[in-house]
Amino acid sequence: MPAPAQQRLYTIDDIYALPDGERAELIDGQIFYMAPPSTRHQRILSFLHLEIGNYIRSKGGTCEVFPAPFAVFLYEDDSKYLEPDISVVCDKNRLDEHGCKGAPDWIIEIVSPSSRAMDYYTKLSLYREAGVSEYWIVDPLKQIILVYNMQQAAAPAIYSFSDTVKANIYDNLEINFSRMQL
């Protein structure tokens, strides 16, 4: 019986060699290609980016908010290269010209049909393991927001698109999703 064919293991060099405009993530030697986002996805991304960025600026905060595409290298070995929809980074030492080295403080993923399992399961596990403090899953199809406070082992808080959602990493940042125009 022939030996099973070995699956190719990809590296960060393969990510950097992708043609312009092609986006993918790298997890343990496997490349996961990303479909172009929908207009609805981008509206949600823009709304959240502005809300968070304006809050940080109004408070004179030191954290920075980065919308996708923005590189997050969860570990020093570059085995996990992700592009969260929104990354909030408060430790400036984690930032360099390539992106964020280590876990951002807060990550938001906006679910697309092709990313559902990745956002709900794979990335939740990766982000928890890497030390992300807060993880939001925004699901346009279900019109819900799951808020994981990673410092607690509890189930996520679940909100709808008509709710105001409080960010756990800030004392008084609340995002009113009913103001979001889709």
Side-chain angles (χ1 to χ4, degrees), residues 25-28 32 41 44-96 98-112 115-180:
E25 296 176 311
L26 177 69
I27 301 173
D28 297 330
F32 297 88
H41 180 282
I44 295 168
L45 176 72
S46 294
F47 171 77
L48 291 169
H49 177 241
L50 286 169
E51 290 289 307
I52 297 165
N54 287 338
Y55 173 84
I56 292 170
R57 186 178 306 109
S58 73
K59 300 296 182 185
T62 58
C63 299
E64 290 185 66
V65 59
F66 297 95
F70 177 72
V72 171
F73 301 87
L74 287 179
Y75 298 100
E76 286 184 28
D77 65 4
D78 291 343
S79 65
K80 299 191 177 48
Y81 166 90
L82 301 170
E83 290 186 8
D85 289 309
I86 294 181
S87 302
V88 177
V89 181
C90 299
D91 181 352
K92 303 285 188 208
N93 294 322
R94 291 188 177 179
L95 298 172
D96 67 15
H98 297 291
C100 180
K101 303 287 186 179
D105 297 271
W106 180 15
I107 289 178
I108 300 174
E109 294 284 6
I110 302 163
V111 178
S112 298
S115 72
R116 185 165 295 285
M118 183 74 85
D119 293 339
Y120 274 96
Y121 304 107
T122 305
K123 288 184 179 180
L124 170 62
S125 177
L126 290 173
Y127 295 152
R128 186 182 303 275
E129 179 183 290
V132 172
S133 297
E134 186 164 353
Y135 177 43
W136 289 17
I137 299 173
V138 178
D139 192 326
L141 182 64
K142 296 180 180 181
Q143 295 196 355
I144 61 169
I145 303 102
L146 280 79
V147 175
Y148 289 89
N149 180 345
M150 303 294 223
Q151 309 307 316
Q152 301 173 356
I158 303 172
Y159 300 92
S160 77
F161 277 21
S162 61
D163 291 331
T164 297
V165 181
K166 184 187 178 317
N168 293 306
I169 70 164
Y170 292 108
D171 289 333
N172 56 1
L173 170 57
E174 295 181 339
I175 298 175
N176 183 347
F177 275 81
S178 68
R179 294 187 330 194
M180 184 171 56

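In what follows, residues are counted from 1 in the order of the sequence shown.
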Separation between [atom1] of [X] and [atom2] of [Y], rounded to the nearest 0.5 Å:
| X | Y | atom1 | atom2 | answer |
| --- | --- | --- | --- | --- |
| Leu26 | Phe73 | CG | CZ | 9.5 Å |
| Leu45 | Ile108 | CG | CD1 | 9.0 Å |
| Asp163 | Ile158 | CG | CD1 | 11.0 Å |
| Ile145 | Ser160 | CD1 | OG | 6.5 Å |
| Ile107 | Ile137 | CD1 | CD1 | 11.0 Å |
| Cys90 | Asp105 | SG | CG | 4.0 Å |

Side-chain donor-acceptor pair under 3.5 Å between [X] and [Y], yes or no?
| X | Y | result |
| --- | --- | --- |
| Asn176 | Arg179 | no |
| Tyr75 | Glu129 | yes |
| Tyr148 | Asn168 | no |
| His49 | Asp85 | no |

Do the side chains of [Y] and [X] get nearer than 4.5 Å, heavy atoms only?
| X | Y | value |
| --- | --- | --- |
| Lys142 | Arg116 | yes |
| Asp139 | Ile110 | no |
| Phe47 | Ile52 | no |
| Lys166 | Asn172 | no |
| Met150 | Glu134 | no |
| Tyr127 | Pro84 | yes |
| Phe161 | Met180 | yes |
| Val72 | Lys80 | no |

For the student: nearest non-hydrogen atoms of [X] and [Y], plus distance:
| X | Y | answer |
| --- | --- | --- |
| Val65 | Gly53 | CG1-CA, 3.7 Å |
| Pro104 | Arg94 | N-NH1, 4.5 Å |
| Ala130 | Ala103 | O-CB, 3.4 Å |
| Ile56 | Cys63 | CG2-O, 3.2 Å |

Requested in this report: Give the C-alpha distance, both sets of side-chain angles, the deciding distance and a yes or no for side chain to side chain contact (heavy atoms under 4.5 Å, CB included) between Ser133 and Gln151.
Outcome: CA-CA 6 Å; Ser133 297; Gln151 309 307 316; 3.3 Å; yes
Report task. Sequence neighbours left out, what pairs pass salt bridge (Lys or Arg N to Asp or Glu O under 4.0 Å) with at least one residue falling in residues 60-76? Result -> Glu64-Lys92
Query raised in the report: What do you reckon, are the aromatic ring centroids of Phe177 and Tyr159 less than 6.0 Å apart?
Result: no
Query raised in the report: Is the cationic atom of Lys123 (NZ for Lys, CZ for Arg) positioned less than 6.0 Å from the six-membered ring centroid of Phe32 and within 45 degrees of its normal?
Result: no
Report task. Begin from the C-alpha positions of Asn149 and Tyr135 and carry the test side-chain hydrogen bond (donor to acceptor under 3.5 Å, both in side chains) through to its verdict. Result -> CA-CA 7 Å; Asn149 180 345; Tyr135 177 43; over 6 Å; no
Query raised in the report: Given Leu74 and Leu126, is the side chain to side chain contact (heavy atoms under 4.5 Å, CB included) satisfied, shown in steps?
Result: CA-CA 8 Å; Leu74 287 179; Leu126 290 173; 4.1 Å; yes
**Report entry** CG (Asp171) with more than 12 external heavy atoms under 6.0 Å
**Finding:** no
**Report entry** Ser125 side chain vs Thr122 backbone, donor-acceptor pair below 3.5 Å
**Finding:** no
**Report entry** Side chain Asp96, main chain Gly99, donor-acceptor under 3.5 Å
**Finding:** yes
Requested in this report: Could you walk me through whether Val132 and Trp106 pass the side chain to side chain contact (heavy atoms under 4.5 Å, CB included) test, one step at a time?
Outcome: CA-CA 6 Å; Val132 172; Trp106 180 15; 5.9 Å; no
Query - Candidate pair Leu141 and Val111, rule side chain to side chain contact (heavy atoms under 4.5 Å, CB included), full reasoning - result: CA-CA 8 Å; Leu141 182 64; Val111 178; over 6 Å; no
